[in-house]
Structure formats: structure tokens, C-alpha cells
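Please read the structure below before turning to the comments.
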Protein chains: 2
Amino acid sequence: MTPKKDLSGRRGRGRPQSFDRKEALCAAMRLFWDRGYEGTSFDDLISVMKISASSFYNAFGSKEALYHEVIETYMSVAGGWFLDVLGEDTDTRTVFQDLTTAAAVEFTRADRPAGCMISVAATQCSPNQNRLRDLLASQRTQAEGAMAVRLQQGLEVGDLPSGTDIEALAAFYGSLLRGMAVQARDGASQERLLKIARIGMNAWPKA
Amino acid sequence: MTPKKDLSGRRGRGRPQSFDRKEALCAAMRLFWDRGYEGTSFDDLISVMKISASSFYNAFGSKEALYHEVIETYMSVAGGWFLDVLGEDTDTRTVFQDLTTAAAVEFTRADRPAGCMISVAATQCSPNQNRLRDLLASQRTQAEGAMAVRLQQGLEVGDLPSGTDIEALAAFYGSLLRGMAVQARDGASQERLLKIARIGMNAWPKA
DNA sequence: GGATTTATGGAGCGATGACACCAAAAAAAG
DNA sequence: CTTTTTTTGGTGTCATCGCTCCATAAATCC
């Protein structure tokens, strides 16, 4: 019988929100991106979001609910390049070349935390956070699935040698991207990542 | 003027330790490996180590000191295969082929947590743990350095085309291994990792 | 205007985190 | 034996965690 509070920030009757929901969400994203879920404390969150504890729960429900929203935001904003590149209208090899070089660039942007928020998140965590870990793992798997789909198209069009193991190739590029994300977190430069990307393309199947 | 308590478990005068230090260390390793530093609570630790809080501090000093010991243990025990393979007396390509396939095997052993404890650790963490994060990052860098050394030897012996960018190649295989470690954590099978390893060897420089 | 609805500020809560203290226990040294 | 040294069990501490409650403020609806 809970009336299911509306958290989406719609305008209506009562007192209006005194902060910008999207801004707060982005601030939270940066912090989660940098420190991970467990490494980000509640107090630090409301501090960078510039809201009070009550406003926080009123607007976002809970730390975990906020994190879910942040992931969605990340996927559509900061991680949007991924699906964009996969959707490019060129041959399959060029798509993956662009994918790896774009990763090198995106993982080392000065205005954002290094690496990919999803790739490096919650590979180890306390048992309380197992649900979150599984969610992130499934996001990673989905990303790989999207690559596999594009590769499959390439196979059908003849961009790849028939008999190519699509799943394996997707897994390879998935591994490479995740590894690059970790390297970026460890401080690797863009040039370094670009070199890795270039070498990674040498593994592209020969005709 | 602190007398610097001896924590190494030597035998001497007083009451003897009622537990096996190495066993406790290995139990701690498994837990840290599985859950990471911040994800592992003190109470869980002393529980799997089967010792009391006092014994814990008496024998290991602190949670962080224990973690450092665990890392050393990991490097010499569970991660020993890495330097072993790098030290193999064969041509450079075979060494790296063995390295990637060994990683696929070691990352998916049924008797241990999946992936590499160092590769997947503390890429995101709270500011309190920045020192630990930097330590782990430097361990990862060192591992890559060891690969670079072996590649350089290969270059000098003629196993690699002259002009090969050694640092970049080491970075590539470093990325690949880290990515494989994350995949393993996400539940990838050994077969899958072996395929990734095989594809990764296609990136090996052509003469 | 008053009633209603929603957001805010501030104080505080229970649980858990890592750790400290101390008296008792168990060994070697004399 | 006594003394000395070290480990152990049990309890307590202090900070932080994520979260809740409540009175008040600010908007809309009638």
C-alpha cells in the first residue's frame, strides 16, 4: 500500500526542489566513478551534491537507488560513445579500430575520472554488495554482447573470414577494453593507450 | 623507543601461538582475494582465520599490515607462476604464449577465487585507502616491467623485429591480462579465456 | 485567505567498522 | 619453585556508516 513516491523530479504542487537534479546526479557520478560504490560515503555524496540528507532521501531514495540512476546516466552520457561507435556505418574492422581508439581517448579525458566506470567497478566487494556486483558484471557482459552482434553482422557481410569465432573475438576486445580501463586508472597516458589499441588491432582476423 | 615487536612468528620464551600462522595468512588471502581490502571486515577476517581480535593484533599488527603480508604471500604462492613463466628458457613468443595460457588457467582454478588478486584490486577506493591503491598500481606496473624486460631480451636475441616498441607491447599484454582477470571475476570459463589468449597472440609482431 | 502538498534543515539513531585494554594462561629461564 | 615473557579471551571504545524523524518552509489548489 506504499503510494510509491515519485522521485523523478516532476513539478507539481508542493515546495519546489532547491537544486538541479541532473547536476546533483552528475556530481554523484563523478564521485562514484572515482571511488566506487563502497568507497563513496554518504556524507561525501551529499557534500558534493550540495544537498542535505533529507533532500537526498526525498529525491533519490537511497544510496543504492542513486547508484542505479548514476549507472543509467553514465551509460547514456559518459558511456554513450560506445554504442555510437558500434553503430557507425563503415566496415567492421574500422568500427573496432574506432572503438579501441575512442576508448583510449575517453579513458584519459582530463575533465573526467580515468577509465570506464563500469569496467573497473566492484570486481571485489563485501557480500552485502553482491547484487550490485552482479548487476555490473551483467552490464559488462551486455557490452560484450553488443560487440558480438556487430561482429556477427560483419561476418554476414563478409568483413570477417567465414568460420570466425565471433564470441571469442568479442571476448578478446572486451578483455582489451577492460584492461585498458584498469591501465587508465593506474595513470597510463593517452598515447600509451592508443599504442595498446593499435597493437590490439593486429589481432584482427586475417582473410 | 618502541621495541618493535616481532610479528614473524618465531619461537622463544612465552606462551606459544595456538594457531598456524601460514594457515591463517592463507585464509586471510582467500578472503581479501574474494572481497578486496575494503570489502573484507575485521570480524570476517578473524572468523576465517579462527583467531581472536587480540591474537590478530598480536600476530599481524593491523588490518593493513596483514594485507601487505597477504600481497607478499600472494606474489610468492598464488602469483608465482607469472615470474616462473617469464623465466622459461625458450623463445620469446613461446614465453608469452605460455604466459597468456597460464593466466587463463590460473584465473579459473576451482580451488581459488577467480582472477588475479592484484589485477582487480582497488582500482576504485575511498581516499583513506589511496596509499593501498597506489601500492597495488605499482605492483601492476612492476609486472608489466618484468614483461618488458623479457621482451627486450627477445629483441636483442632477434626474437622480435628490430624497432619493435617494447613498452607498448608490454602494455598490450598487461592490458590483456588485466582484462582477462576481470572477465574471470565475472564468471568467464577457462575455455573462453584460452580463446582470448590465443587471439591475443595473433597480435604478436610479424617479422 | 486557508488547506494541502512537497521539500528542507537539523538533530539523532542503531549498526558496524577497526582497534585497545587488561587480567588470566602458558610457556621458557633462573 | 619464582620470575619473566608472550599469547589469549573478553570486554570496551570511538569513529563512521547509511539512514530516519520532525518541525518548518515554500509552493499550488480551492
Side-chain angles (χ1 to χ4, degrees), chain A residues 2-25 28 31-32 35-70 125-129 131-132, chain B residues 2-25 28 31-32 35-70 125-129 131-132:
Chain A
T2 38
K4 254 168 218 161
K5 213 173 165 329
D6 182 7
L7 301 173
S8 59
R10 58 104 207 69
R11 299 311 324 272
R13 206 108 106 111
R15 175 173 173 174
Q17 269 179 345
S18 64
F19 61 94
D20 184 62
R21 203 169 188 282
K22 283 198 173 181
E23 262 181 40
L25 209 50
L31 207 61
F32 276 133
R35 305 184 179 179
Y37 181 76
E38 294 189 292
T40 303
S41 83
F42 184 80
D43 289 348
D44 289 341
L45 270 177
I46 63 175
S47 167
V48 301
M49 297 170 82
K50 288 168 190 157
I51 60 178
S52 69
S54 348
S55 299
F56 179 93
Y57 281 98
N58 183 55
F60 299 103
S62 73
K63 186 187 171 185
E64 185 172 349
L66 171 65
Y67 192 70
H68 283 106
E69 262 194 78
V70 162
C125 65
S126 88
N128 309 328
Q129 257 55 56
R131 275 183 41 217
L132 223 58
Chain B
T2 38
K4 254 170 218 161
K5 212 170 168 326
D6 182 5
L7 302 173
S8 60
R10 55 113 208 65
R11 298 311 325 272
R13 206 111 105 107
R15 175 171 173 174
Q17 270 179 345
S18 64
F19 61 92
D20 183 60
R21 204 169 186 284
K22 284 197 173 180
E23 263 182 40
L25 209 50
L31 207 59
F32 275 134
R35 305 183 181 181
Y37 181 76
E38 294 189 292
T40 304
S41 83
F42 184 81
D43 289 348
D44 289 340
L45 270 177
I46 63 176
S47 167
V48 301
M49 297 170 82
K50 286 166 191 158
I51 59 179
S52 70
S54 349
S55 299
F56 179 92
Y57 282 99
N58 183 55
F60 299 102
S62 72
K63 185 186 170 186
E64 185 172 350
L66 171 66
Y67 192 70
H68 283 108
E69 262 195 77
V70 161
C125 66
S126 89
N128 310 327
Q129 256 56 56
R131 277 183 41 217
L132 223 59

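Throughout, protein chains are lettered first and strands after them, A, B, ... in sequence-line order, and every chain is numbered starting at 1.
- In this structure, CZ of B:Arg21 is placed 14 Å from C1' of D:dT6, rounded to the nearest angstrom.
- Residues A:Tyr67 and A:Thr40 fail the side-chain proximity criterion, which asks for heavy atoms closer than 4.5 Å.
- Nucleotide D:dA26 holds its C1' atom 15 Å from the CZ atom of A:Phe19, rounded to whole Å.
- For A:Glu38 and B:Arg35, the salt-bridge test fails: no basic side-chain N is under 4.0 Å from an acidic carboxylate O.
- Shown for residues 37-48 of chain A: no residue has heavy atoms falling under 4.0 angstrom of DNA chain C.
- Protein atom CZ of A:Arg35 is 14 Å distant from nucleotide atom C1' of D:dT16, rounded to whole Å.
- Comparing D:dT8, D:dC29, C:dT6 by their nearest atom to the side chain of A:Arg15 picks out C:dT6.
- For B:Glu64 and C:dA18, the CD to P distance is 12 Å, given to the nearest whole Å.
- Using bins of under 30°, 30° to 60° and over 60° for the plane-to-plane angle, the ring pair B:Phe56/B:Phe42 lands in the perpendicular bin.
- Looking only at distances, no side-chain donor or acceptor of B:Lys63 sits under 3.5 Å from a matching main-chain atom of B:Ser41.
- D:dA27 atom C1' lies 14 Å from atom CG of A:Asn58, rounded to whole Å.
- When side chains are defined from C-beta on, A:Leu66 counts as touching A:Leu25, because their heavy atoms get closer than 4.5 Å.
- In this structure, B:Phe56 atom CZ and C:dA20 atom P are separated by 11 Å, rounded to whole Å.
- For B:Ser18, no side-chain nitrogen or oxygen approaches OP1 or OP2 of D:dT7 to under 4.0 Å.
- For the pair B:Ile51 CD1 and C:dA18 P, the computed distance is 14 Å after rounding to whole Å.
- Relative to the side chain of B:Lys63, the nucleotides C:dA18, D:dT8, D:dA26 differ in distance, and C:dA18 lies closest.
- By the 4.5 Å heavy-atom criterion applied to side chains, A:Phe60 and A:Ile51 are counted as neighbours.
- Straight-line distance from the OH atom of B:Tyr67 to the P atom of C:dC19: 15 Å, rounded to whole Å.
- A:Leu132 has its side chain within reach of A:His68: a pair of non-hydrogen atoms, C-beta onward, lies under 4.5 Å apart.
- Closest contact between the side chain of B:Ala53 and the listed nucleotides C:dA18, C:dA20, D:dG9 involves C:dA20.
- With distances taken from any side-chain atom of A:Tyr57 to the nucleotides D:dC29, D:dT20, C:dT8, the minimum falls on D:dT20.
- Set against C:dA27, D:dC19, D:dC29, the side chain of A:Arg13 has D:dC29 as its closest nucleotide.
- Taking only side-chain atoms of A:Ser54, from C-beta outward, the nucleotide of D:dT8, C:dG9, C:dT8 with the closest atom is C:dG9.
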